[in-house]
Amino acid sequence: MKTIKTALVASAAAASFIAADVHAATEWNVSLWGKRRAFTENVEKLAELVEAKTDGEFTLNISYGGLSKARENLDGISFGAFEMAQFCSFYHTDKNPTITVTELPFSQDVSLSRISDIYTEVFKHPEVKKDLARWNATLLMPTPLPQYNLVGKGEPIGTLEDFEGMRIRGPGGIMGVLGKLGAVKTGVPFSEVRQAMDSGVIDAASFAPHAHLATTTYKVGQWATTNLNLGSANCPVVVNTDALDMLEPAHREALLGSVEEALDYYVENYEQNTTARFEAAKDETNITEVTFTAEQTARLNELAESVRQEWIETHKGDFDAKAVFDFTAKLFAEQ
């Protein structure tokens, strides 16, 4: 009897270990869109690092469009349809008003590495964390993008007055400034930008290098700005807060401990490959580069200041917008 009892105990213990092993394996679903590109390399690198650090026990299953539409990723995170997602704050500013502060035109020539640091710090602000908590979301890491510049068709810009009546596809912060010069914000689906420019539906598009490459604006455009410096988009990576809280310590450490390395890889890859490739593409197509003068830049900054103040006024009743703005502005000023 003693031998049988010992065997049963040993068998139960083995079963317990097997169950623990099964339980330890964790797979998160990650909702992205489009296809793998420079814009998603932070998530791809993160997945690689997490799997390596946990010997495959924790994996990130990345889906490009198979889990949700891009503009619905935050909603999917909120009710746990998937554990991780990327979205752009300008897709739905009412859902994430605090982080739109980073898209304001701060009129600074900021490096991609610095943008990464700034966004990371802004994500830690109490008002920002509270804002995203409404969606059961925790901001994991930014997707830093360079300052947006225009590629346009037609005669190159000579003066700021040339923006009058120009139909431009661009985000809120930039268009807030150019709109004051008479530019008209014109919505066009991303996939149709080149066709829209070629046919005259829009005169110019404002993007970071990877998006100009993806839409091939440089193949139909005749001019491109070099120093607009009126901001870029904020497209963070978020996780479902409940899912994050339920991770076992080793997996949580592997995830959070890999963010900085993933971002470093992303920045280096973007600068050495994407930005360099866009510059080469412009050279090959002989696009005329438009560089704003000191006087023109000063005028743009005057208009940018009014846009920044309008942002504070718009959101002051929803959260401490002045505190969030001042915190962010200070970060942009620290070069």
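Everything numeric in this text was worked out from a predicted model, so none of it was measured.
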Partner residues of [X] under the side chain to side chain donor-acceptor pair (under 3.5 Å) criterion, sequence neighbours left out:
X	answer
S78	none
Q86	T143
E289	K282

Partner residues of Y266 under the ring-ring contact (aromatic ring centres under 6.0 Å, His included) criterion, sequence neighbours left out:
Y270
ring-ring contact (aromatic ring centres under 6.0 Å, His included) against W33, all qualifying residues, sequence neighbours excluded:
F39, Y91
Indicate the ring-plane relationship of [X] and [Y], choosing parallel, tilted or perpendicular according to the 30° and 60° boundaries.
X	Y	result
F327	H125	perpendicular
F278	Y218	perpendicular
H212	F207	perpendicular

In terms of side-chain geometry, is the basic nitrogen of D198 or K219 positioned less than 4.0 Å from the acidic oxygen of its partner?
no
Lys/Arg-Asp/Glu bridge criterion (N-O < 4.0 Å) met for K45, D264:
no
Check the surroundings of atom CD in E305: do more than 12 heavy atoms from other residues, nucleotides or ligands lie under 6.0 Å from it?
yes
CD of Q309: more than 12 outside heavy atoms within 6.0 angstrom?
yes
Which value, rounded to the nearest 0.5 Å, describes the distance between [X] atom [atom1] and [Y] atom [atom2]?
X	Y	atom1	atom2	answer
T26	E248	OG1	CD	5.5 Å
Q195	I202	CD	CD1	10.5 Å
L213	T217	CG	OG1	8.0 Å
K69	D75	NZ	CG	12.0 Å
E253	S258	CD	OG	9.5 Å
D117	L331	CG	CG	9.5 Å

Any side-chain donor paired with an acceptor under 3.5 Å for [X] and [Y]?
X	Y	answer
N227	D109	no
S31	N73	yes
T226	T291	yes

So, [X] side chain and [Y] main chain: donor-acceptor pair closer than 3.5 Å or not?
X	Y	result
T40	R36	no
N229	S107	no
R277	P209	no
E27	T59	no
N42	P142	yes
T288	P156	no

Residue pair [X] / [Y]: nearest heavy atoms and the distance that separates them:
X	Y	result
V324	T328	O-OG1, 2.8 Å
L74	A137	CD1-CB, 4.2 Å
M166	I157	CE-CG1, 4.2 Å

Determine, step by step, whether T241 and L132 satisfy the side chain to side chain contact (heavy atoms under 4.5 Å, CB included) criterion, reporting the C-alpha distance in whole Å, the side-chain angles of both residues, the deciding distance to 0.1 Å, and the verdict.
CA-CA 10 Å; T241 302; L132 272 295; over 6 Å; no
Qualifying residues under salt bridge (charged side-chain N to carboxylate O under 4.0 Å, His left out), relative to [X], sequence neighbours excluded:
X	result
E164	none
R299	E302
E192	none
R134	D131

Check: F332 ring centroid to F325 ring centroid under 6.0 Å
no
Should L46 and V237 count as side-chain neighbours, where that means a heavy-atom distance under 4.5 Å?
no
Side chains of P236 and F87: closer than 4.5 Å at any heavy-atom pair?
yes
What side-chain donor-acceptor pairs closer than 3.5 Å can you find for residues 174-188, not counting sequence neighbours?
from: K180; atom 1: NZ; to: E310; atom 2: OE2; distance (Å): 2.8
from: T186; atom 1: OG1; to: V184; atom 2: O; distance (Å): 3.1

Among residues two or more places apart or on two chains, list those pairs meeting side-chain hydrogen bond (donor to acceptor under 3.5 Å, both in side chains) that have a residue in residues 317-326.
K322-D326
Which pairs count as ring-ring contact (aromatic ring centres under 6.0 Å, His included) when at least one residue sits in residues 126-167, sequence neighbours excluded?
none
